[in-house]
Each structure stands twice: as structure tokens, then as C-alpha cells.
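A single structure is presented below for examination.
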There are 2 protein chains.
Amino acid sequence: LIGMKEITKVYQMGETSLPALDGVSLSIDEGEYVAIVGTSGSGKSTLMNIIGLLDRPTDGVYQIRGQRADDLTGRQLAELRNREIGFVFQQFNLLARASAWRQVELPLFYAGVARSASRQRALEALAQVGLADRADHKPEELSGGQQQRVAIARALVNRPSLLLADEPTGALDTRTGEEVMALFENLHEEGLTLVIITHDQEVADRARRVITMRDGAIISDSRGGSN
Amino acid sequence: LIGMKEITKVYQMGETSLPALDGVSLSIDEGEYVAIVGTSGSGKSTLMNIIGLLDRPTDGVYQIRGQRADDLTGRQLAELRNREIGFVFQQFNLLARASAWRQVELPLFYAGVARSASRQRALEALAQVGLADRADHKPEELSGGQQQRVAIARALVNRPSLLLADEPTGALDTRTGEEVMALFENLHEEGLTLVIITHDQEVADRARRVITMRDGAIISDSRGGSN
Ligand SMILES: Nc1ncnc2c1ncn2[C@@H]1O[C@H](COP(=O)(O)OP(=O)(O)OP(=O)(O)O)[C@@H](O)[C@H]1O
Ligand SMILES: Nc1ncnc2c1ncn2[C@@H]1O[C@H](COP(=O)(O)OP(=O)(O)OP(=O)(O)O)[C@@H](O)[C@H]1O
Ligand SMILES: [Mg+2]
Ligand SMILES: [Mg+2]
């Protein structure tokens with residue numbers, strides 16, 4: 001599904017170069033269940049942004065479904081993302097003034113789903129994360145964990161083939177976090193490819209494969225190891 | 001240090017009333033180490049905003065250091081907050097365009113600390129959370145866990161007597177999270193009152209007292225129990 005070869009990301013800050021990713025090579029097949037772990041600042045979110053076509057590497061090759069990302073136009077990247085990839089961002093990235101159901105409806109709108117159907121699907125997605133009674137709340141009227149769940153519903157509503165989730169249970173109590181993980185795993189059994197960045201060992205333990213990062217590099221990959 | 005009597009917080013949404021806090025009574029003494037736990041949406045952050053004088057209850061009495069909060073002017077509340085209370089917010093609440101050291105310097109600026117001293121103190125606070133080499137980075141140039149640590153440094157720089165921390169290790173890997181907890185606990189031994197909202201059982205286990213919330217109420221309080 002995705003292949004990275006010698007992916008490098010360097011940020012230029014005035015005279016200084018900051019290497020956020022340092023030659024990362026990685027492949028993830030359709031249907032895998034991968035956890036990405038590592039210390040704060042090790043490059044996990046940067047990696048996920050490149051996987052999700054939200055950022056371009058400074059060097060190296062990234063392929064998704066056999067296509068080189070750098071061969072695609074901005075518009076083709078946006079269509080591919082909208083059709084195939086669901087994102088849960090580390091800080092949710094909700095629209096500041098939209099109600100929860102409109103946040104969740106947004107990917108359907110971009111996908112061209114009819115308005116008559118999209119509101120209903122948005123409400124169903126919210127119900128799946130226990131927020132049916134918060135559909136009209138704006139982000140400032142939602143708790144941290146409720147905002148995170150809106151972001152999760154939004155990530156799943158367009159039935160993506162790949163879910164990229166950055167700390168998706170970070171703001172959730174244990175029980176709500178387990179409900180979310182059960183939801184992801186049900187979808188995984190139906191074919192969804194799961195890539196989850198997490199600091200929670202209990203989440204990492206549920207994955208079939210664990211990739212560990214440090215200082216912009218992959219220092220271990222359990223593929224072919226424990227499962 | 002703080003006393004709450006029948007604290008209620010109701011949000012009015014058009015015709016509907018949403019009770020976020022439902023008659024909470026609570027006292028916290030100087031020097032305590034309290035964890036607040038509970039399900040997503042149970043009212044923890046709402047409670048912390050009232051404790052920290054950032055929000056007013058709809059009903060009930062809140063006292064801090066013997067003074068009723070509703071007897072104080074907006075200006076007196078701001079001065080008391082700046083002098084006594086450090087906040088780590090659930091979503092950090094950093095300024096969008098300021099570098100890390102300026103974020104941390106802000107409480108010192110409000111406290112009237114001389115510019116010659118405040119930059120130095122800000123840099124020291126950043127060093128305490130392992131971010132000396134990120135002092136000039138703006139939030140968008142920092143990882144999630146680095147932003148959280150900037151918020152932590154900012155909360156501590158003015159040497160408050162009360163720390164209110166909402167999920168302060170939520171974006172941190174285990175080891176960085178333990179470094180932060182060790183920092184808090186050192187300050188606690190020197191007299192800092194610690195109130196930490198957390199979903200992490202390992203953080204809750206370190207506290208001397210655990211308050212559990214559900215549906216806007218306190219359902220258990222281990223005071224006089226385990227410690
Ligand atoms: N401005 C508001 N208007 C309406 N409802 C609100 C508003 N702010 C918060 N709420 C509601 O109040 C309840 C309590 O919110 P609070 O943020 O205190 O929860 P919490 O315990 O911190 O949850 P989490 O663990 O998810 O952060 C939630 O159900 C939320 O939807
Ligand atoms: N725009 C930028 N300019 C400069 N440096 C940046 C920028 N964005 C990120 N960085 C740096 O790149 C490194 C990797 O960041 P990244 O967000 O990928 O880390 P992470 O592994 O997700 O960390 P966390 O667990 O704290 O979320 C960090 O050290 C960060 O300071
Ligand atoms: Mg990150
Ligand atoms: Mg909260």
C-alpha cells in the first residue's frame with residue numbers, strides 16, 4: 001500500500017538545519033495494523049504527514065498504491081487523500097466555529113456525497129463514538145475527549161482504506177479509549193489498514209506490528225518478529 | 001487553600017440546559033497532591049477552570065485563601081491567578097506566533113519581572129523540561145509533546161503556590177512523562193500544591209489523593225482513605 005525509501009525531512013531555520021526525519025525506509029501492506037512509538041520529538045507526526053500526503057519529504061521516494069507521490073498534482077493528491085485516507089490529528093484540527101456534525105460531514109462534502117445523505121451519515125458516525133447528543137456543539141462546547149472523538153468520527157465517515165491516527169486515545173479515559181480501539185479493530189477486520197501513533201503501551205500491545213522511532217530514524221520494527 | 005460549596009455550572013444552549021457540574025463540594029489544603037480522574041465529559045476541565053478563577057460557577061460558593069472569588073474584581077482575580085496559580089491546559093493554549101521562550105516569559109512579564117531577568121528565567125524553565133534547544137521554535141515548529149512541555153515550563157516559571165495541570169503528560173512518551181512528574185513532585189516537596197487531571201492510571205497512582213468524577217459530580221474521594 002505504501003512504500004518509503006530513504007525519506008528525509010529537514011527544516012531550515014535561518015542558518016540552522018533541523019533534520020526531523022533522517023533516511024527512513026518503510027513499507028506497509030494493505031490490511032496491516034501498525035503502531036508507531038518513540039520519544040517526544042522523534043519524528044512520528046512528521047512521518048505520518050508524509051504518509052498521508054500532507055507534507056513532502058526533502059529527499060527520498062514515497063509511493064502509495066504504486067504511484068510516486070511526487071508524480072501527482074496537488075489536486076490528485078487531495079483527491080487520493082479524500083478517497084483513501086482518514087486522519088486523526090494529534091491536536092484534532094477541528095474547524096473553530098463548526099458544530100460537531102458539520103465537522104464530520106466535511107469529508108463527505110468533498111467526496112461529493114449528496115447533502116440529503118451526508119448529514120445522516122455524519123450523525124451515525126458521531127453515534128459510533130458516543131456523541132449523538134453532542135451533534136450541535138462547537139469545539140469550545142466540547143470536552144477534550146469529545147473533540148478527539150469528533151476527529152475520530154470525521155476520520156472514518158468516508159470509509160477510508162487507510163487510517164492514520166496520531167495519539168487517537170490521548171485525551172480519553174481508559175474505557176472510552178477501549179471503545180475507540182474496538183471500533184478501529186472491527187474496521188480493521190473488514191479490511192481497513194491501521195497506522196496508529198501512540199504513547200500508550202496498551203494501545204501498542206494490540207497492534208500486529210510495532211515500529212519504534214528515535215531522532216528521526218526507525219530504530220526497530222517488529223515485522224516478521226512477534227507476529 | 002481552596003474550598004467549593006455546592007458548585008454548579010450549567011451551560012445554556014438555546015432552549016436546552018446542560019449541567020456540566022452538578023453541586024460539587026470540595027476542599028483542597030495547601031501542599032496537597034491530588035489527582036482528578038473520570039470519564040470524558042464528566043466535568044474535570046470545567047472544575048479546574050473554576051478552581052483556577054478562569055470561569056465562574058452558575059451557583060455555589062468558591063473560596064481561595066479565605067476569599068470568596070465572587071467578592072473579587074476581574075483585576076484582582078487576574079493578579080491572584082498570575083501570582084499564585086500555574087496552569088497546564090488540556091490543549092496547551094500557546095500563542096500561535098510566539099517562540100517557546102516568549103511563551104514561557106509571558107507570566108513573568110505580567111508579574112512585572114525585569115526584562116533583563118525574565119528571558120534568563122524563561123530559558124532555565126525550558127531547560128528543566130528538556131527544551132533548551134527549542135527556545136526559538138514557534139508552536140508549529142514543535143512536536144505535540146514539545147508544545148506540552150512549553151506549556152508546563154510556562155506554568156512553573158513564576159513559582160506558583162498551586163499547579164493546575166490538565167492531562168500534563170497526555171502527549172508525552174513514558175520516559176518524558178516520568179521526567180515531568182518527577183519535576184512536579186520535587187516542587188511538591190518544596191511546598192507546591194498539585195492538582196492533576198489525568199486519564200493515566202500511573203499518574204493517578206502517584207498522587208496522595210484521588211477524586212473521581214462522573215456526570216458533573218464527585219463520586220468518590222480517597223481523602224482520609226489510602227493516605
Ligand atoms: N461551552 C459549553 N457549552 C455547552 N456544553 C459544554 C460547554 N463546555 C463544556 N460543555 C460540556 O460540559 C461537559 C463537561 O466538560 P469538561 O470539559 O469539563 O469534561 P472533562 O471531564 O474535562 O472531559 P475530557 O476528559 O474529555 O477532557 C461536557 O459534556 C461538555 O460537552
Ligand atoms: N516546522 C518545523 N520547523 C522546525 N522544526 C520542526 C518543525 N516541525 C517539527 N519540527 C521538529 O521536528 C521534530 C519531529 O517532530 P514530530 O512532530 O514529528 O515529533 P513527534 O515524534 O510527533 O513528537 P511527539 O511525540 O512529541 O508528538 C521535533 O524535534 C520538532 O521540534
Ligand atoms: Mg507528534
Ligand atoms: Mg477535559
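Letters go in sequence order (proteins before strands), and every chain restarts at 1.
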Margin query: Atom CG of residue position B:D215 - does it have more than 12 heavy atoms of other residues, nucleotides or ligands inside 6.0 Å?
Written below: no
Margin query: If I measure from the heavy atoms of chain B, does A:Q147 come under 4.5 Å with its side chain, its backbone, both, or neither?
Written below: side chain
Checklist line | Under 4.5 Å from a heavy atom of chain B, the part of A:E141 involved | finding: side chain
Margin query: Just so I understand: if I count every heavy-atom pair under 4.5 Å between each of A:T169, A:T198, A:V37, A:L18 and chain B, which residue has the most?
Written below: A:L18
Checklist line | A:Q146 portion near chain B, given a 4.5 angstrom heavy-atom threshold | finding: both
Next item on the list: Side chain from CB out, backbone as N, CA, C, O: work out which of these in A:L142 comes under 4.5 Å of a heavy atom of chain B, or both, or neither.
Entry: neither
Check: Looking at A:L172, A:T46, A:D166, which makes the most heavy-atom pairs under 4.5 Å with chain B?
Finding: A:L172
Margin query: Once rounded to the nearest 0.5 Å, what's the spacing between atom CZ of A:R175 and atom OG1 of B:T39?
Written below: 8.0 Å
Item checked: Nearest-0.5 Å distance, CE of residue A:M13 to NZ of residue B:K138 -> 7.0 Å
Next item on the list: Return yes if a side-chain donor-acceptor contact under 3.5 Å exists between A:S40 and B:R149, otherwise no.
Entry: yes
Next item on the list: Specify which of A:G43, A:G145, A:G14 makes the most heavy-atom pairs with chain B at under 4.5 Å.
Entry: A:G145
Next item on the list: Against chain A, work out which of B:K44, B:H137, B:R134, B:Q148 has the most heavy-atom pairs shorter than 4.5 Å and name it.
Entry: B:H137
Checklist line | A:A171 portion near chain B, given a 4.5 angstrom heavy-atom threshold | finding: both
Check: Out of curiosity, B:D173 CG to A:T212 OG1, how far, rounded to the nearest 0.5 Å?
Finding: 11.5 Å
Check: Side-chain contact, heavy-atom cut-off 4.5 Å: A:T176 with B:H199?
Finding: no
Check: Taking atom CG of A:D205 as the centre, does the number of heavy atoms from other residues, nucleotides or ligands within less than 6.0 Å exceed 12?
Finding: yes
